[in-house]
Amino acid sequence: MKYNFVLPFYTKVPSGGTKIMYEYANRLALLGHEVTVYHCIEAPYFKYPKNRPFILRKLITLMIYKNSASSPWFSFCENVKLKFIDRLTNKYIADADVTVVTWWSLVQPLSLLSSTKGIKVNLIQDYENWEGNEELLHQSYSFSNILKIGISPYVIDSVNKFDNNIHYIPNAIDSTKYFTDINFNERDNFSFCMLYSKESRKGTDVGIKAFIELKSRHKNISLTLFGTSERPVGLPDWIEYFSNLSDLKDVYNRHAYFISNSLEEGWGLPVHEAMACGCVIICTAISGHRQFYEGSKGVLTYEKGNSQKLEVAIESLIHKSTEQLIQLSADNRAAVSSFEWNTVVNRFLEIVKK
């Protein structure tokens, strides 16, 4: 079968939603399907910088990227085709059996494609309301000629308020890339790692504030941040920082705990990855983390946006015995072991074939 995967933009740095689309594309290609991944130069309602008009973005893809959309952070199998397109219309994508988009603003253009582009699928990875246009977002759930797939209970609940005709396929991670190779008893019981993001919805400032307070009381606490930007100005010297790491497995495995401070989340991919690598988790008590904290005793929660509550949760962990922490780590590894890509892809194929 022929599959088109269409993304609203191209990114040179790791992105969770893009990564999931890439994984679907790659794994279908490995099964022998013909797969093309398209990256739009222009997507409706997307807020482009004023100094990056369409013609400049087009020139960049031609002159800097040489019209090659290969990824510097994701390894595709050789038979996946990667392309830039001006926008999502019949003119720019090939005929296929299935065409998949992600991001709400591509749904209306998807609905207008001819039947030669195949079954139309909207892979919904979050309740994407953080840039406004809520009425249009809600309308994107209602197109009758588009198959909707949600990645988490939170996404399903969000969409069901407007249309309950949606399928659930949970995300997965690659268990050959994310696994435990340093036993928990070999890790420092005061070592924490955390995602750094400039996006306010990721709540990074809450986490940093809590750790600065904790460091004044517990000198042996260490914190490692990783992100896609350069080291933030003013970050305390005792906090380690990594930018654009291609392999986070080693970071997770060097730490006892992973913290997620997100205020909203569709899935929380780093939480999933860290659990597979044996980290004990502290995350916000949001619906986008529900599939993790309801599934394992090794996931503790705190009230989003509340740095003092995060401090309390962290102190509750560092006072546990190593034996207790080892059990929490084991619970996490067991909880995420069922989220396998083979199961996910088989479920996807089952839905589109029906």
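Computed from a predicted structure; not experimentally measured.
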**OP:** Check step by step if ring-ring contact (aromatic ring centres under 6.0 Å, His included) holds for Tyr38 and Tyr92.
**Re:** CA-CA 9 Å; Tyr38 299 92; Tyr92 294 110; 9.6 Å; no
**OP:** Could you tell me whether the side chain of Ser158 and the main chain of Tyr127 form a donor-acceptor pair under 3.5 Å?
**Re:** no
Original post:
What do the steps show when you test Ile208 against Met194 for side-chain contact (heavy atoms from CB on, under 4.5 Å), and what is the final call?
Top reply: CA-CA 9 Å; Ile208 293 175; Met194 191 172 83; 4.0 Å; yes
Original post:
Please walk me through it: do Glu350 and Lys354 pass salt bridge (Lys or Arg N to Asp or Glu O under 4.0 Å)?
Top reply: CA-CA 6 Å; Glu350 176 186 320; Lys354 283 184 178 180; 3.8 Å; yes
Original post:
Does the separation of the ring centres of Phe292 and Trp267 fall below 6.0 angstrom?
Top reply: yes
Subject >> Euclidean distance, Asn67 CG relative to Ile60 CD1, rounded to 0.5 Å >> reply: 13.0 Å
Original post:
Lys202 and Glu265: salt bridge (Lys or Arg N to Asp or Glu O under 4.0 Å), yes or no, with the steps?
Top reply: CA-CA 8 Å; Lys202 296 297 183 181; Glu265 198 70 69; 3.0 Å; yes
Original post:
In terms of heavy-atom contacts, does CZ of Arg217 have more than 12 from other residues, nucleotides or ligands at under 6.0 Å?
Top reply: yes
Original post:
Would you say Val280 and Arg187 make side-chain contact, with heavy atoms under 4.5 Å?
Top reply: no
Original post:
Any cation-pi pair here, Lys177 with Tyr252, using under 6.0 Å and within 45°?
Top reply: no
Original post:
Does Lys58 NZ have over 12 foreign heavy atoms under 6.0 Å away?
Top reply: yes
Original post:
About how many Å separate CD of Glu34 and CG of Asn4, when rounded to the nearest 0.5 Å?
Top reply: 9.0 Å
Subject >> pair Tyr302-Ile314: side-chain heavy atoms closer than 4.5 Å >> reply: no
**OP:** Check whether more than 12 heavy atoms from other residues, nucleotides or ligands sit under 6.0 Å from atom NZ of Lys209, and answer yes or no.
**Re:** no
Original post:
Just checking, any donor-acceptor pair under 3.5 angstrom between side chains of Ser329 and Arg333?
Top reply: yes
Original post:
Do Asn332 and Ser296 have side-chain atoms, one donor and one acceptor, less than 3.5 Å apart?
Top reply: yes
Original post:
Do the rings of Phe162 and Tyr141 sit parallel, tilted or perpendicular, given the 30° and 60° boundaries?
Top reply: tilted
Subject >> Cluster check Ile124, Val345: I/L/V/M/F/W/Y, side chain < 4.5 angstrom >> reply: yes
Subject >> Crowding at CD, Glu186 (>12 non-hydrogen neighbours, <6.0 Å) >> reply: yes
Original post:
Which is it for Leu137 and Glu128 under the side-chain contact (heavy atoms from CB on, under 4.5 Å) test, yes or no, and what are the steps along the way?
Top reply: CA-CA 7 Å; Leu137 167 65; Glu128 301 153 336; 4.2 Å; yes
**OP:** Could you go through the salt bridge (Lys or Arg N to Asp or Glu O under 4.0 Å) check for Asp181 and Lys249 one step at a time?
**Re:** CA-CA 9 Å; Asp181 61 2; Lys249 176 183 70 70; 2.6 Å; yes
Original post:
Does the separation of the ring centres of Tyr196 and Tyr241 fall below 6.0 angstrom?
Top reply: yes
**OP:** Please tell me if the side chains of Pro44 and Leu106 come closer than 4.5 Å, counting only heavy atoms from C-beta onward.
**Re:** yes
Original post:
Heavy atoms, side chains only, cut-off 4.5 Å: are Asp174 and Glu23 in contact?
Top reply: yes
**OP:** Go through the steps to decide whether Ile286 and Leu263 satisfy the test side-chain contact (heavy atoms from CB on, under 4.5 Å), and finish with yes or no.
**Re:** CA-CA 7 Å; Ile286 59 174; Leu263 307 182; 6.0 Å; no
Subject >> From Leu112 atom CG to Lys120 atom NZ, the distance as rounded to the nearest 0.5 Å >> reply: 9.0 Å
Original post:
In this structure, are over 12 heavy atoms from other groups packed under 6.0 Å from Asn51 atom CG?
Top reply: yes
Original post:
CD of Gln308: more than 12 outside heavy atoms within 6.0 angstrom?
Top reply: no
**OP:** Check whether the side chains of His289 and Thr284 place a donor and an acceptor atom closer than 3.5 Å, and report yes or no.
**Re:** yes
Original post:
Taking C-beta and beyond as the side chain, do Lys161 and His138 meet within less than 4.5 Å on heavy atoms?
Top reply: no
Original post:
Could you state the interatomic distance from CD (Gln108) to CD1 (Ile146), rounded to the nearest 0.5 Å?
Top reply: 9.0 Å
Original post:
Are His272 and Phe339 near enough that their ring centres are under 6.0 Å apart?
Top reply: yes
Original post:
Looking at the rings of Tyr45 and Trp104, which for Trp means the six-membered one, are their centres under 6.0 Å apart?
Top reply: yes
**OP:** Run the numbers on Trp103 and Leu7 for side-chain contact (heavy atoms from CB on, under 4.5 Å), then give the verdict.
**Re:** CA-CA 8 Å; Trp103 187 253; Leu7 288 150; over 6 Å; no
**OP:** Would you give the length of the straight line joining atom CG of Asp157 to atom CG of Asn164, rounded to the nearest 0.5 angstrom?
**Re:** 12.0 Å
Original post:
Taking atom CG of Leu317 and atom OH of Tyr257, what is their separation to the nearest 0.5 Å?
Top reply: 5.5 Å
Subject >> ring pair (Phe, Tyr, Trp, His ring centres under 6.0 Å) partner of His33, the single match among Phe348, Tyr24, Phe5, Tyr3 >> reply: Tyr3
**OP:** Check whether NZ of the Lys or CZ of the Arg Lys19 lies under 6.0 Å from the centre of the six-membered ring of Phe74 and within 45 degrees of that ring's axis.
**Re:** no
Original post:
Applying the ring pair (Phe, Tyr, Trp, His ring centres under 6.0 Å) test to Tyr10, which of Tyr22, Tyr65, Trp73 qualifies?
Top reply: Tyr65
